[in-house]
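All chains are named by letter (A, B, ...) in the order of the sequence lines, taking the proteins before the strands, and each is independently numbered beginning at 1.
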There are 2 protein chains.
Amino acid sequence: MSQNKRAELIRNALPLFYRNGFTATGMDLVAKETGVSKTSIYKHFRTKEELILAVLRLRDENFRNWLYRRMEDLADTPKGQLLAMFDALGEWFREPGYQGCMFVKAAAEFQQASDPINQQAYQHKELLLVHFTALCRAAECADPEAMARQMLILKEGAIVLAAMSHSDAPAAEAKAMAERLLA
Amino acid sequence: MSQNKRAELIRNALPLFYRNGFTATGMDLVAKETGVSKTSIYKHFRTKEELILAVLRLRDENFRNWLYRRMEDLADTPKGQLLAMFDALGEWFREPGYQGCMFVKAAAEFQQASDPINQQAYQHKELLLVHFTALCRAAECADPEAMARQMLILKEGAIVLAAMSHSDAPAAEAKAMAERLLA
DNA sequence: CGAGAGGTGTACCGATCTGTTCACGTTTTT
DNA sequence: AAAAACGTGAACAGATCGGTACACCTCTCG
């Protein structure tokens, strides 16, 4: 019961924070839009920061699961999967509510390195890097770590520019670069 | 007189917004830290939004001037300048107060496409793209427009990851990619 | 001198923020 | 059926937000 309400709260708060921003979204709005009273919210989370951290944990899980699965569905070789990532990103960019990377925005709003939100946001990027490194190693790249970091740069650049330009073109442009680098 | 105070206000407000964020920086703090009374601020700018737009205009001018000049100082061929951009970015990343791209953060905080701040933030990226395109054309790239957009993706990816990882390594990694793409 | 422009500091307005309190229902368990 | 657990709505506290009002100071210039 309690866990259900808690999970429902986190799940419904996610799009709120994603679309309105963290600071700009008040707890009264969270209560109203999630259907969970403010009293209950503060029974599950001591502060707004704890709720945001929980939301980011869910987002990390959802996003990485979605991306990895999509990469596997679109290609079966390691190199093919790395390239397919940019096709998956393109699909994401074309979604109506696309607003950029939630972790980049979290790090932008809570930019002190000592902030737990900032740290958790970067952790998401580190987890992506681990996965990319494994794929690069399986693809027998000369320097898997370096190639993985480069793929991450391409991914982040495409995400930021797609958000700012309201276009999915950066996905294809990043993919073109990845193709030449992985060749 | 008036213009001096106004310029001084914008100049001193810039690092405040850059380090604290736009929403998180209150007008009382702006008045206190810039040395310009709130009464005077609101004589020059009708709203906080207008002040932010003025700050972003100054930042655009300062940053583009600095980057273009640094690229010219470090190399004399068009291709060399494009590569030198990543060395210049590395210098920026190593500066003590580095906090990422102010325009990306502005677009993240004011993410509605109809928001004037969002529009002005993207305009900065468009101006960079114009410059890159001219350099790519001078470097006799096969497709100057596409190559310029790719260089912009590399630049934005490096900026975001340098900010999140508190490291200057993305500059060298992006440069390595640019070298292979421009070869 | 005297007027006006440009500036300051402070107090204030109404709204909104995070977080708490309290009295009250509803459901589950014993 | 009694009791504990879980939930609600609404009011509230204290702080802060963007923005305004007002009295005052200090120059410059005629």
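B/Trp66 and B/Leu74 sit in two unconnected hydrophobic clusters of ILVMFWY residues. Membership requires side-chain heavy atoms under 4.5 Å apart, directly or through other members.
Side-chain atoms of A/Thr39 come within donor-acceptor range of the base of D/dG9, with a qualifying N/O pair under 3.5 Å.
Here C/dA11 presents its C1' atom at 12 Å from CG of B/Asp28, a figure rounded to the nearest Å. In this structure, B/Lys43 atom NZ and D/dC22 atom P are separated by 13 Å, rounded to whole Å. Atom CD1 in B/Ile41 sits about 14 Å away from atom C1' in D/dT20, given to the nearest Å. Atoms CZ (A/Phe22) and P (C/dT18) sit 13 Å apart, rounded to a whole Å. Residue B/Tyr42 contributes atom OH, which lies 14 Å from atom C1' of C/dC12 at whole-angstrom precision. Regarding B/Lys48, its NZ atom lies at a distance of 15 Å from the P atom of D/dT20, rounded to whole Å. Spacing between atom CG of A/Leu29 and atom P of C/dC17 amounts to 8 Å, rounded to whole angstrom units. Rounded to an integer number of Å, the gap from B/Lys32 NZ to C/dG7 P is 22 Å.
Distances were taken from every side-chain heavy atom of B/Val36 (C-beta onward) to each of D/dG18, C/dT8, C/dG19; the shortest belongs to C/dT8. Each of D/dG19, C/dG7, C/dG19 was ranked by its minimum atom distance to the side chain of B/Ser40; first place goes to C/dG7.
Contact annotation: A/His44 does not reach the phosphate of D/dC6 (side-chain N/O to OP1 or OP2, under 4.0 Å). Side-chain nitrogen and oxygen atoms of A/Lys5 include at least one within less than 4.0 Å of the OP1 or OP2 phosphate oxygen of D/dT8.
Not one N or O on the side chain of A/Gln150 forms a donor-acceptor pair closer than 3.5 Å with the backbone of B/Ala174. The closest donor-acceptor contact from the side chain of A/Arg19 to the backbone of A/Gly97 lies at 3.5 Å or more, if one exists at all.
Mapping B/Ser37 and A/Met27 onto DNA chain C by nearest heavy atom places B/Ser37 closer to the 5' end of the strand.
Side-chain atoms of B/Lys105 and A/Gln111 form a donor-acceptor pair, as typed in the model, at a separation below 3.5 Å.
When the shell of 6.0 Å around CZ of A/Arg64 is examined, it contains more than 12 heavy atoms from other residues, nucleotides or ligands.
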